Amino acid sequence: MAGVEAVIYATVIFAIVCIIYGLVLLRRIKVSTDFLAAGRALPWYAVSMGVALSPLGSGHTIGMMETGFLVGLTGVWFSICFGALFMTWCFYGMGPWIRSLGVTSVPEAFGVLYGRTARRLSSLPNFAFSFCIAGIEIICMSYAVYGLTGLPFPLCIMISTVLSVLYIVFAGLMQMSYLNLLFAIVMYAGMYFGLFWLLLYDLPAKVGITAEQATSRLIEAGQGFKLTMFASPEIITSIVVPMIIFALFGCGSLQMPIQAAFGAKDLAHVRKGLLPAAIVNSLSTIPWAVMGVVASVIPEFAKRGPSFGPIDMLSSVLHPAVLATIMVSLLVANISTSGGHVLAAAIVGTHDIYRGFINPEADDRKVLHLSRLLTIIFSITGGFIAYMLHVAGALIIPNLMWTCALALPGWFLLVYGFWWKRSPKALIYSWVSTWIIVGAWSFIPRSVLVQYVPTFLAEPLNFSLLISFVLTTVLTAVLPGEKGYFRR
Amino acid sequence: MIDYVLIVIGQNLAITLVAVLVTIFTYRLWARRRKVEKEG
(Lines give C-alpha, C1' and ligand atoms only; values in the text may rest on other atoms or scores of the structure.)
Protein backbone atom coordinates (compact mmCIF):
# COMPACT_ATOMS: atom_id res chain seq x y z
CA MET A 1 0.00 0.00 0.00
CA ALA A 2 1.49 3.35 -1.05
CA GLY A 3 2.35 5.73 1.73
CA VAL A 4 1.78 3.06 4.37
CA GLU A 5 4.66 4.46 6.44
CA ALA A 6 2.70 7.66 7.12
CA VAL A 7 -0.28 5.79 8.47
CA ILE A 8 1.84 3.46 10.58
CA TYR A 9 3.48 6.56 12.08
CA ALA A 10 0.00 7.83 12.96
CA THR A 11 -0.77 4.62 14.88
CA VAL A 12 2.57 4.69 16.67
CA ILE A 13 2.08 8.35 17.68
CA PHE A 14 -1.36 7.40 18.96
CA ALA A 15 0.11 4.60 21.13
CA ILE A 16 2.85 6.91 22.43
CA VAL A 17 0.28 9.55 23.45
CA CYS A 18 -1.64 6.87 25.41
CA ILE A 19 1.52 5.71 27.18
CA ILE A 20 2.95 9.15 28.03
CA TYR A 21 -0.38 10.50 29.23
CA GLY A 22 -1.04 7.34 31.25
CA LEU A 23 2.39 7.60 32.90
CA VAL A 24 1.79 11.28 33.74
CA LEU A 25 -1.47 10.36 35.47
CA LEU A 26 0.06 7.29 37.13
CA ARG A 27 1.45 9.41 39.97
CA ARG A 28 -2.09 10.51 40.85
CA ILE A 29 -3.33 6.92 41.25
CA LYS A 30 -2.89 6.04 44.90
CA VAL A 31 -5.99 4.03 45.86
CA SER A 32 -8.39 1.82 43.92
CA THR A 33 -11.09 4.55 43.81
CA ASP A 34 -8.64 6.74 41.86
CA PHE A 35 -8.28 3.98 39.25
CA LEU A 36 -11.90 2.82 39.15
CA ALA A 37 -13.81 6.11 39.71
CA ALA A 38 -11.15 8.78 38.96
CA GLY A 39 -11.10 9.70 42.66
CA ARG A 40 -14.63 11.17 42.19
CA ALA A 41 -12.97 14.40 41.06
CA LEU A 42 -13.75 14.66 37.32
CA PRO A 43 -14.83 18.12 36.13
CA TRP A 44 -17.93 18.44 33.95
CA TYR A 45 -16.10 18.53 30.61
CA ALA A 46 -14.24 15.26 31.34
CA VAL A 47 -17.50 13.65 32.50
CA SER A 48 -19.22 14.97 29.38
CA MET A 49 -16.71 13.52 26.93
CA GLY A 50 -16.32 10.36 29.04
CA VAL A 51 -20.04 9.63 28.79
CA ALA A 52 -20.29 10.84 25.16
CA LEU A 53 -17.50 8.60 23.89
CA SER A 54 -18.01 5.55 26.12
CA PRO A 55 -20.95 4.15 24.13
CA LEU A 56 -19.62 5.65 20.87
CA GLY A 57 -17.84 2.70 19.35
CA SER A 58 -18.56 -0.26 17.12
CA GLY A 59 -22.27 0.47 16.65
CA HIS A 60 -21.58 4.08 15.67
CA THR A 61 -18.72 3.30 13.25
CA ILE A 62 -18.30 -0.12 11.61
CA GLY A 63 -21.87 -1.06 12.58
CA MET A 64 -23.05 2.15 10.94
CA MET A 65 -21.05 1.45 7.77
CA GLU A 66 -22.79 -1.94 7.60
CA THR A 67 -26.21 -0.38 8.24
CA GLY A 68 -25.54 2.43 5.74
CA PHE A 69 -24.48 -0.17 3.18
CA LEU A 70 -27.66 -2.22 3.73
CA VAL A 71 -30.44 0.30 4.49
CA GLY A 72 -28.88 3.76 4.11
CA LEU A 73 -29.11 6.85 6.26
CA THR A 74 -31.96 5.51 8.40
CA GLY A 75 -29.09 4.07 10.40
CA VAL A 76 -28.16 7.49 11.81
CA TRP A 77 -31.15 7.18 14.13
CA PHE A 78 -28.79 5.02 16.16
CA SER A 79 -26.78 8.05 17.26
CA ILE A 80 -29.90 10.20 17.67
CA CYS A 81 -31.19 7.56 20.10
CA PHE A 82 -27.92 7.83 22.01
CA GLY A 83 -27.53 11.62 21.72
CA ALA A 84 -31.11 12.60 22.41
CA LEU A 85 -32.37 9.77 24.62
CA PHE A 86 -29.48 7.99 26.31
CA MET A 87 -27.52 11.18 27.08
CA THR A 88 -30.52 12.98 28.61
CA TRP A 89 -31.30 9.86 30.61
CA CYS A 90 -27.70 9.49 31.76
CA PHE A 91 -27.06 13.15 32.66
CA TYR A 92 -30.47 13.95 34.20
CA GLY A 93 -31.68 10.50 35.32
CA MET A 94 -29.69 7.42 36.14
CA GLY A 95 -26.27 9.16 36.31
CA PRO A 96 -27.13 11.65 39.10
CA TRP A 97 -29.34 9.12 40.93
CA ILE A 98 -26.53 6.58 41.18
CA ARG A 99 -23.89 9.30 41.80
CA SER A 100 -26.01 10.50 44.76
CA LEU A 101 -25.56 7.06 46.38
CA GLY A 102 -21.75 7.64 46.37
CA VAL A 103 -21.07 4.20 44.90
CA THR A 104 -18.46 3.06 42.37
CA SER A 105 -20.48 0.64 40.29
CA VAL A 106 -24.02 -0.20 39.20
CA PRO A 107 -24.01 -3.57 41.07
CA GLU A 108 -23.03 -1.66 44.22
CA ALA A 109 -26.05 0.61 43.64
CA PHE A 110 -28.24 -2.51 43.43
CA GLY A 111 -26.65 -3.60 46.71
CA VAL A 112 -27.59 -0.32 48.43
CA LEU A 113 -31.14 -0.47 47.10
CA TYR A 114 -31.96 -4.18 47.29
CA GLY A 115 -29.28 -5.94 49.38
CA ARG A 116 -26.35 -8.35 48.86
CA THR A 117 -28.06 -10.92 46.63
CA ALA A 118 -29.16 -8.18 44.25
CA ARG A 119 -25.59 -6.92 44.01
CA ARG A 120 -24.39 -10.42 43.15
CA LEU A 121 -27.14 -10.99 40.54
CA SER A 122 -26.66 -7.62 38.86
CA SER A 123 -22.90 -8.25 38.60
CA LEU A 124 -23.60 -11.03 36.09
CA PRO A 125 -25.25 -9.09 33.21
CA ASN A 126 -22.88 -6.14 33.70
CA PHE A 127 -19.88 -8.41 33.63
CA ALA A 128 -21.13 -10.45 30.66
CA PHE A 129 -22.16 -7.35 28.70
CA SER A 130 -18.81 -5.59 29.12
CA PHE A 131 -16.81 -8.75 28.60
CA CYS A 132 -18.55 -9.61 25.30
CA ILE A 133 -18.77 -6.09 23.92
CA ALA A 134 -15.07 -5.46 24.58
CA GLY A 135 -14.55 -8.22 21.98
CA ILE A 136 -16.91 -6.52 19.52
CA GLU A 137 -15.07 -3.22 19.97
CA ILE A 138 -11.68 -4.85 19.45
CA ILE A 139 -12.84 -6.34 16.15
CA CYS A 140 -13.83 -2.83 15.04
CA MET A 141 -10.44 -1.45 16.06
CA SER A 142 -8.96 -4.27 13.99
CA TYR A 143 -10.85 -3.02 10.91
CA ALA A 144 -9.12 0.34 11.44
CA VAL A 145 -5.69 -1.27 11.80
CA TYR A 146 -6.44 -3.42 8.72
CA GLY A 147 -7.48 -0.30 6.77
CA LEU A 148 -4.29 1.45 7.89
CA THR A 149 -1.77 -1.28 7.29
CA GLY A 150 -3.29 -4.01 5.10
CA LEU A 151 -1.81 -6.59 7.49
CA PRO A 152 -3.48 -10.03 7.93
CA PHE A 153 -6.65 -9.60 9.99
CA PRO A 154 -5.65 -11.86 12.96
CA LEU A 155 -2.48 -9.76 13.37
CA CYS A 156 -4.63 -6.61 13.33
CA ILE A 157 -6.68 -8.12 16.18
CA MET A 158 -3.48 -8.64 18.21
CA ILE A 159 -2.34 -5.04 17.63
CA SER A 160 -5.78 -3.74 18.64
CA THR A 161 -5.68 -5.79 21.84
CA VAL A 162 -2.36 -4.22 22.82
CA LEU A 163 -3.68 -0.70 22.08
CA SER A 164 -6.75 -1.42 24.19
CA VAL A 165 -4.54 -2.35 27.16
CA LEU A 166 -2.38 0.79 26.77
CA TYR A 167 -5.45 3.00 26.78
CA ILE A 168 -6.49 2.29 30.37
CA VAL A 169 -3.93 0.19 32.19
CA PHE A 170 -2.01 3.07 33.79
CA ALA A 171 -4.69 5.33 35.25
CA GLY A 172 -8.07 3.67 34.56
CA LEU A 173 -11.10 5.96 34.40
CA MET A 174 -8.99 9.10 34.87
CA GLN A 175 -6.80 8.24 31.88
CA MET A 176 -9.83 7.30 29.81
CA SER A 177 -11.93 10.38 30.55
CA TYR A 178 -9.21 12.97 29.88
CA LEU A 179 -7.92 11.14 26.77
CA ASN A 180 -11.50 11.16 25.49
CA LEU A 181 -11.37 14.95 25.29
CA LEU A 182 -8.43 14.72 22.91
CA PHE A 183 -9.97 11.77 21.08
CA ALA A 184 -13.26 13.60 20.46
CA ILE A 185 -11.38 16.31 18.56
CA VAL A 186 -9.23 13.81 16.61
CA MET A 187 -12.26 11.69 15.77
CA TYR A 188 -14.48 14.50 14.50
CA ALA A 189 -11.73 16.17 12.50
CA GLY A 190 -10.75 12.85 10.93
CA MET A 191 -14.14 11.47 10.00
CA TYR A 192 -15.76 14.63 8.59
CA PHE A 193 -12.62 15.72 6.76
CA GLY A 194 -12.27 12.20 5.34
CA LEU A 195 -15.91 12.07 4.25
CA PHE A 196 -15.89 15.37 2.36
CA TRP A 197 -12.48 14.62 0.84
CA LEU A 198 -13.84 11.30 -0.42
CA LEU A 199 -16.97 12.84 -1.91
CA LEU A 200 -15.31 15.91 -3.42
CA TYR A 201 -11.90 14.67 -4.60
CA ASP A 202 -10.95 11.00 -4.43
CA LEU A 203 -14.26 9.46 -5.52
CA PRO A 204 -14.36 11.35 -8.87
CA ALA A 205 -10.58 11.07 -9.38
CA LYS A 206 -10.00 7.39 -8.51
CA VAL A 207 -13.38 5.71 -9.20
CA GLY A 208 -14.59 8.06 -11.92
CA ILE A 209 -17.97 8.94 -10.42
CA THR A 210 -18.97 12.20 -8.75
CA ALA A 211 -21.09 12.38 -5.60
CA GLU A 212 -24.05 13.46 -7.75
CA GLN A 213 -23.60 10.46 -10.06
CA ALA A 214 -23.53 8.18 -7.03
CA THR A 215 -26.85 9.71 -5.94
CA SER A 216 -28.34 9.16 -9.40
CA ARG A 217 -27.14 5.54 -9.45
CA LEU A 218 -28.90 4.89 -6.14
CA ILE A 219 -32.16 6.44 -7.34
CA GLU A 220 -32.01 4.55 -10.66
CA ALA A 221 -31.41 1.29 -8.79
CA GLY A 222 -34.57 1.90 -6.73
CA GLN A 223 -32.50 2.57 -3.61
CA GLY A 224 -33.33 6.24 -3.16
CA PHE A 225 -34.56 5.38 0.34
CA LYS A 226 -30.90 5.08 1.36
CA LEU A 227 -30.53 8.86 1.07
CA THR A 228 -32.90 9.85 3.86
CA MET A 229 -33.39 9.26 7.58
CA PHE A 230 -37.13 8.88 7.01
CA ALA A 231 -37.00 5.99 4.55
CA SER A 232 -40.37 4.33 5.21
CA PRO A 233 -42.56 3.50 8.23
CA GLU A 234 -41.60 -0.19 7.85
CA ILE A 235 -37.84 0.48 7.88
CA ILE A 236 -38.17 2.95 10.76
CA THR A 237 -40.23 0.48 12.82
CA SER A 238 -37.93 -2.44 12.21
CA ILE A 239 -34.69 -0.50 12.74
CA VAL A 240 -35.37 2.55 14.91
CA VAL A 241 -37.58 0.97 17.59
CA PRO A 242 -34.94 -1.64 18.59
CA MET A 243 -32.35 1.17 18.59
CA ILE A 244 -34.48 3.16 21.08
CA ILE A 245 -34.83 0.09 23.30
CA PHE A 246 -31.10 -0.61 23.09
CA ALA A 247 -29.97 2.97 23.81
CA LEU A 248 -32.45 3.92 26.51
CA PHE A 249 -33.40 0.70 28.30
CA GLY A 250 -30.42 -1.49 27.46
CA CYS A 251 -27.51 0.89 28.03
CA GLY A 252 -29.35 3.12 30.50
CA SER A 253 -28.70 0.91 33.51
CA LEU A 254 -25.37 -0.69 32.67
CA GLN A 255 -22.04 0.08 34.28
CA MET A 256 -19.99 0.86 31.21
CA PRO A 257 -21.98 3.57 29.37
CA ILE A 258 -22.67 5.63 32.50
CA GLN A 259 -19.57 4.97 34.62
CA ALA A 260 -17.89 8.30 33.81
CA ALA A 261 -20.79 10.00 35.66
CA PHE A 262 -19.80 8.19 38.87
CA GLY A 263 -16.39 9.89 38.79
CA ALA A 264 -17.91 13.42 38.73
CA LYS A 265 -17.01 15.95 41.44
CA ASP A 266 -20.67 16.41 42.33
CA LEU A 267 -24.19 16.23 40.87
CA ALA A 268 -23.92 19.66 39.23
CA HIS A 269 -20.84 18.44 37.34
CA VAL A 270 -22.84 15.49 36.03
CA ARG A 271 -25.76 17.56 34.69
CA LYS A 272 -23.66 20.33 33.17
CA GLY A 273 -22.15 18.09 30.50
CA LEU A 274 -25.37 17.09 28.70
CA LEU A 275 -25.42 19.46 25.72
CA PRO A 276 -21.86 18.85 24.37
CA ALA A 277 -22.15 15.11 25.02
CA ALA A 278 -25.48 14.88 23.18
CA ILE A 279 -24.18 16.78 20.14
CA VAL A 280 -20.86 14.87 20.00
CA ASN A 281 -22.61 11.52 20.12
CA SER A 282 -25.50 12.47 17.87
CA LEU A 283 -23.45 13.63 14.88
CA SER A 284 -20.95 10.79 15.08
CA THR A 285 -22.64 8.24 12.81
CA ILE A 286 -23.30 10.34 9.71
CA PRO A 287 -19.87 10.04 7.99
CA TRP A 288 -19.74 6.27 8.52
CA ALA A 289 -23.30 5.73 7.28
CA VAL A 290 -22.61 7.83 4.16
CA MET A 291 -19.41 5.86 3.45
CA GLY A 292 -21.45 2.65 3.69
CA VAL A 293 -24.02 4.05 1.24
CA VAL A 294 -21.30 5.11 -1.22
CA ALA A 295 -19.60 1.70 -1.08
CA SER A 296 -22.93 0.01 -1.85
CA VAL A 297 -23.21 1.81 -5.24
CA ILE A 298 -19.74 0.90 -6.49
CA PRO A 299 -19.95 -2.70 -7.77
CA GLU A 300 -16.29 -3.44 -7.06
CA PHE A 301 -16.78 -2.78 -3.34
CA ALA A 302 -20.44 -3.75 -3.08
CA LYS A 303 -19.49 -7.37 -3.80
CA ARG A 304 -17.14 -7.35 -0.76
CA GLY A 305 -20.22 -7.07 1.48
CA PRO A 306 -21.26 -4.65 4.23
CA SER A 307 -18.30 -5.26 6.59
CA PHE A 308 -15.24 -5.18 4.33
CA GLY A 309 -16.72 -3.29 1.30
CA PRO A 310 -16.58 0.23 2.83
CA ILE A 311 -13.17 -0.37 4.46
CA ASP A 312 -11.72 -1.68 1.18
CA MET A 313 -13.18 1.32 -0.63
CA LEU A 314 -11.47 3.74 1.77
CA SER A 315 -8.16 1.86 1.65
CA SER A 316 -7.98 1.76 -2.11
CA VAL A 317 -9.53 5.14 -2.98
CA LEU A 318 -8.37 7.64 -0.36
CA HIS A 319 -5.07 9.51 -0.37
CA PRO A 320 -2.82 7.88 2.31
CA ALA A 321 -2.78 11.00 4.49
CA VAL A 322 -6.59 11.26 4.42
CA LEU A 323 -6.87 7.51 5.00
CA ALA A 324 -4.65 7.95 8.06
CA THR A 325 -6.91 10.64 9.56
CA ILE A 326 -10.08 8.63 8.96
CA MET A 327 -8.66 5.36 10.27
CA VAL A 328 -7.16 7.00 13.35
CA SER A 329 -10.59 8.50 14.04
CA LEU A 330 -12.10 5.01 13.65
CA LEU A 331 -9.45 3.68 15.99
CA VAL A 332 -10.04 6.29 18.72
CA ALA A 333 -13.82 5.88 18.51
CA ASN A 334 -13.53 2.16 19.14
CA ILE A 335 -10.65 2.21 21.61
CA SER A 336 -12.61 4.51 23.94
CA THR A 337 -15.49 2.03 24.00
CA SER A 338 -13.29 -1.03 24.20
CA GLY A 339 -11.33 0.54 27.07
CA GLY A 340 -14.57 1.52 28.80
CA HIS A 341 -15.89 -2.04 28.63
CA VAL A 342 -12.65 -3.59 29.80
CA LEU A 343 -12.56 -1.12 32.69
CA ALA A 344 -16.23 -1.79 33.53
CA ALA A 345 -15.59 -5.55 33.62
CA ALA A 346 -12.54 -4.92 35.85
CA ILE A 347 -14.61 -2.71 38.19
CA VAL A 348 -17.33 -5.33 38.54
CA GLY A 349 -14.70 -8.09 38.83
CA THR A 350 -12.68 -6.41 41.59
CA HIS A 351 -15.16 -4.18 43.35
CA ASP A 352 -18.32 -6.28 43.24
CA ILE A 353 -17.18 -9.87 42.86
CA TYR A 354 -13.73 -10.01 44.52
CA ARG A 355 -14.15 -7.40 47.26
CA GLY A 356 -17.91 -7.89 47.50
CA PHE A 357 -17.94 -11.65 47.99
CA ILE A 358 -14.57 -13.41 47.78
CA ASN A 359 -12.33 -11.26 49.98
CA PRO A 360 -14.22 -8.35 51.63
CA GLU A 361 -11.17 -7.55 53.80
CA ALA A 362 -8.77 -7.13 50.84
CA ASP A 363 -6.56 -4.06 51.28
CA ASP A 364 -6.73 -1.27 48.77
CA ARG A 365 -3.31 -1.87 47.25
CA LYS A 366 -4.27 -5.44 46.44
CA VAL A 367 -7.53 -4.28 44.80
CA LEU A 368 -5.65 -1.69 42.73
CA HIS A 369 -3.15 -4.31 41.47
CA LEU A 370 -5.96 -6.74 40.72
CA SER A 371 -7.83 -4.01 38.77
CA ARG A 372 -4.79 -3.46 36.53
CA LEU A 373 -4.26 -7.19 36.08
CA LEU A 374 -7.91 -7.70 35.12
CA THR A 375 -7.79 -4.90 32.53
CA ILE A 376 -4.94 -6.78 30.82
CA ILE A 377 -6.66 -10.19 31.09
CA PHE A 378 -10.01 -8.87 29.83
CA SER A 379 -8.37 -7.07 26.91
CA ILE A 380 -6.68 -10.32 25.86
CA THR A 381 -9.89 -12.36 26.18
CA GLY A 382 -11.62 -9.57 24.24
CA GLY A 383 -9.08 -10.21 21.49
CA PHE A 384 -10.10 -13.89 21.42
CA ILE A 385 -13.79 -12.98 21.24
CA ALA A 386 -12.95 -10.60 18.37
CA TYR A 387 -11.19 -13.41 16.51
CA MET A 388 -14.16 -15.76 16.97
CA LEU A 389 -16.57 -13.05 15.70
CA HIS A 390 -14.32 -12.52 12.67
CA VAL A 391 -14.28 -16.25 11.89
CA ALA A 392 -18.09 -16.40 12.25
CA GLY A 393 -18.51 -13.30 10.00
CA ALA A 394 -20.94 -11.77 12.48
CA LEU A 395 -22.63 -8.36 11.95
CA ILE A 396 -22.03 -5.78 14.70
CA ILE A 397 -25.38 -4.20 15.66
CA PRO A 398 -27.45 -7.43 16.00
CA ASN A 399 -24.75 -8.80 18.32
CA LEU A 400 -24.73 -5.63 20.43
CA MET A 401 -28.51 -5.77 20.80
CA TRP A 402 -28.65 -9.43 21.72
CA THR A 403 -25.98 -8.98 24.41
CA CYS A 404 -28.03 -6.15 25.90
CA ALA A 405 -31.31 -8.10 26.08
CA LEU A 406 -30.43 -9.88 29.32
CA ALA A 407 -29.75 -6.62 31.18
CA LEU A 408 -33.16 -5.01 30.57
CA PRO A 409 -34.86 -5.96 33.90
CA GLY A 410 -32.13 -3.94 35.65
CA TRP A 411 -33.43 -0.69 34.14
CA PHE A 412 -36.94 -1.13 35.56
CA LEU A 413 -35.64 -2.42 38.89
CA LEU A 414 -33.35 0.58 39.38
CA VAL A 415 -36.11 3.07 38.48
CA TYR A 416 -38.59 1.30 40.78
CA GLY A 417 -35.95 1.01 43.53
CA PHE A 418 -35.30 4.74 43.47
CA TRP A 419 -38.84 6.03 43.04
CA TRP A 420 -41.44 3.36 43.88
CA LYS A 421 -40.67 0.23 45.87
CA ARG A 422 -37.69 -2.01 46.66
CA SER A 423 -38.62 -5.68 46.78
CA PRO A 424 -35.57 -8.02 46.83
CA LYS A 425 -37.77 -11.04 46.03
CA ALA A 426 -39.29 -9.26 43.02
CA LEU A 427 -35.78 -8.51 41.80
CA ILE A 428 -34.58 -12.11 42.08
CA TYR A 429 -37.70 -13.72 40.57
CA SER A 430 -38.08 -11.23 37.71
CA TRP A 431 -34.42 -11.19 36.74
CA VAL A 432 -33.87 -14.96 36.81
CA SER A 433 -37.19 -15.60 35.00
CA THR A 434 -36.30 -13.09 32.30
CA TRP A 435 -32.91 -14.71 31.72
CA ILE A 436 -34.46 -18.17 31.36
CA ILE A 437 -37.35 -17.05 29.13
CA VAL A 438 -35.31 -14.74 26.87
CA GLY A 439 -32.42 -17.23 26.72
CA ALA A 440 -34.80 -19.96 25.53
CA TRP A 441 -36.52 -17.51 23.11
CA SER A 442 -33.17 -16.72 21.48
CA PHE A 443 -32.63 -20.35 20.50
CA ILE A 444 -35.99 -20.75 18.75
CA PRO A 445 -35.49 -20.14 15.00
CA ARG A 446 -36.90 -16.79 13.86
CA SER A 447 -38.82 -18.52 11.03
CA VAL A 448 -40.77 -20.51 13.66
CA LEU A 449 -41.38 -17.52 15.96
CA VAL A 450 -42.90 -15.29 13.26
CA GLN A 451 -45.61 -17.90 12.66
CA TYR A 452 -46.94 -17.50 16.21
CA VAL A 453 -46.08 -13.95 17.37
CA PRO A 454 -45.89 -10.50 15.72
CA THR A 455 -42.58 -10.02 13.85
CA PHE A 456 -41.65 -7.26 16.29
CA LEU A 457 -41.50 -9.75 19.17
CA ALA A 458 -39.33 -12.24 17.29
CA GLU A 459 -36.33 -10.05 18.13
CA PRO A 460 -34.90 -11.09 21.55
CA LEU A 461 -34.31 -7.45 22.58
CA ASN A 462 -37.93 -6.40 21.96
CA PHE A 463 -39.26 -9.56 23.59
CA SER A 464 -36.97 -9.00 26.58
CA LEU A 465 -38.33 -5.46 27.03
CA LEU A 466 -41.91 -6.76 27.17
CA ILE A 467 -41.10 -9.60 29.58
CA SER A 468 -38.92 -7.37 31.77
CA PHE A 469 -41.57 -4.68 32.05
CA VAL A 470 -44.39 -7.11 32.86
CA LEU A 471 -42.46 -9.25 35.36
CA THR A 472 -40.71 -6.42 37.23
CA THR A 473 -43.90 -4.33 37.46
CA VAL A 474 -46.26 -7.12 38.53
CA LEU A 475 -43.85 -8.73 41.00
CA THR A 476 -42.84 -5.38 42.54
CA ALA A 477 -46.52 -4.51 43.00
CA VAL A 478 -47.43 -7.90 44.52
CA LEU A 479 -44.43 -8.83 46.67
CA PRO A 480 -43.50 -7.08 49.94
CA GLY A 481 -40.77 -4.45 50.00
CA GLU A 482 -39.58 -1.11 51.35
CA LYS A 483 -40.42 2.33 49.94
CA GLY A 484 -38.29 3.64 47.07
CA TYR A 485 -34.92 5.19 48.04
CA PHE A 486 -35.96 8.77 47.23
CA ARG A 487 -39.40 8.31 48.89
CA ARG A 488 -38.07 7.41 52.33
CA MET B 1 -24.97 13.34 -2.20
CA ILE B 2 -23.44 16.28 -0.31
CA ASP B 3 -26.79 18.08 -0.04
CA TYR B 4 -28.33 14.90 1.42
CA VAL B 5 -25.48 14.73 3.96
CA LEU B 6 -26.05 18.34 5.02
CA ILE B 7 -29.80 17.76 5.35
CA VAL B 8 -29.22 14.74 7.61
CA ILE B 9 -26.75 16.73 9.74
CA GLY B 10 -29.38 19.47 10.17
CA GLN B 11 -32.18 17.03 11.00
CA ASN B 12 -29.94 15.19 13.43
CA LEU B 13 -28.92 18.37 15.25
CA ALA B 14 -32.48 19.68 15.39
CA ILE B 15 -33.90 16.50 16.94
CA THR B 16 -31.09 16.26 19.48
CA LEU B 17 -31.26 19.92 20.50
CA VAL B 18 -35.03 19.79 20.98
CA ALA B 19 -34.73 16.69 23.21
CA VAL B 20 -31.88 18.17 25.26
CA LEU B 21 -33.44 21.60 25.73
CA VAL B 22 -36.84 20.15 26.66
CA THR B 23 -35.10 17.98 29.28
CA ILE B 24 -33.08 20.85 30.74
CA PHE B 25 -36.03 23.24 30.99
CA THR B 26 -38.36 20.57 32.37
CA TYR B 27 -35.81 19.68 35.02
CA ARG B 28 -35.26 23.31 35.98
CA LEU B 29 -39.03 23.84 36.25
CA TRP B 30 -39.36 20.72 38.43
CA ALA B 31 -36.39 21.69 40.61
CA ARG B 32 -37.74 25.21 41.13
CA ARG B 33 -41.21 23.90 42.05
CA ARG B 34 -39.66 21.38 44.43
CA LYS B 35 -37.59 24.10 46.09
CA VAL B 36 -40.69 26.26 46.57
CA GLU B 37 -42.59 23.28 48.05
CA LYS B 38 -39.75 22.53 50.47
CA GLU B 39 -39.39 26.11 51.58
CA GLY B 40 -43.12 26.71 51.76
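Just so we're clear, the structure is a prediction, and the values are computed from it rather than from any experiment. Lettering follows sequence order; numbering is per chain, from 1.
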(message) I'd like to check the side chain to side chain contact (heavy atoms under 4.5 Å, CB included) partners of A/L275; sequence neighbours left out, ordered by chain and number.
(response)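 Per chain and number, A/L275 pairs via side chain to side chain contact (heavy atoms under 4.5 Å, CB included) with A/I279, B/L17, B/V20.
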
Could you work out all donor-acceptor pairs shorter than 3.5 Å where one atom is in chain B and the other in chain A?
| from | atom 1 | to | atom 2 | distance (Å) |
| --- | --- | --- | --- | --- |
| B/M1 | N | A/T215 | OG1 | 2.9 |
| B/N12 | OD1 | A/S282 | OG | 2.5 |
| B/N12 | ND2 | A/S282 | O | 3.3 |
| B/T16 | OG1 | A/S282 | OG | 2.6 |
| B/Y27 | OH | A/R271 | NE | 3.3 |
| B/Y27 | OH | A/R271 | NH1 | 3.0 |
| B/Y27 | OH | A/R271 | NH2 | 3.2 |

(message) Would you compute the distance between atom CD1 of B/I2 and atom CG of A/L199 and round it to the nearest 0.5 angstrom?
(response)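 One gets 5.0 Å once the value is rounded to the nearest 0.5 Å.
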
(request) Report the distance from atom CG of A/L274 to atom CD1 of B/I24, rounding to the nearest 0.5 Å. (result)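 CD1 of B/I24 is found 5.0 Å from CG of A/L274.
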
Using non-hydrogen atoms and a 4.5 Å limit, figure out which bit of [X] sits close to chain B: side chain, backbone, both or neither.
{"X": "A/F230", "answer": "side chain"}
{"X": "A/L195", "answer": "side chain"}
{"X": "A/V290", "answer": "side chain"}

(message) If you compare all heavy atoms of A/A214 against all heavy atoms of B/M1, which two are closest, and at what distance to 0.1 Å?
(response)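 Looking at all heavy atoms of both residues, the closest pair is CB-CE, 4.1 Å.
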
(request) Determine the option with the most heavy-atom pairs under 4.5 angstrom with chain B, choosing from A/A289, A/P287, A/A84. (result)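 Going by pairs under 4.5 Å, I would pick A/A84.
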
(message) Please rank A/V76, A/L73, A/I80, A/L85 by heavy-atom pairs under 4.5 Å with chain B and give me the top one.
(response)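 Sorted descending by pairs with chain B, the first entry is A/I80.
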
(message) Do A/L227 and B/V8 make a side-chain contact, defined as non-hydrogen atoms from C-beta onward lying under 4.5 Å apart?
(response)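 When only atoms from C-beta onward are counted, B/V8 and A/L227 do not touch, as no gap falls below 4.5 Å.
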
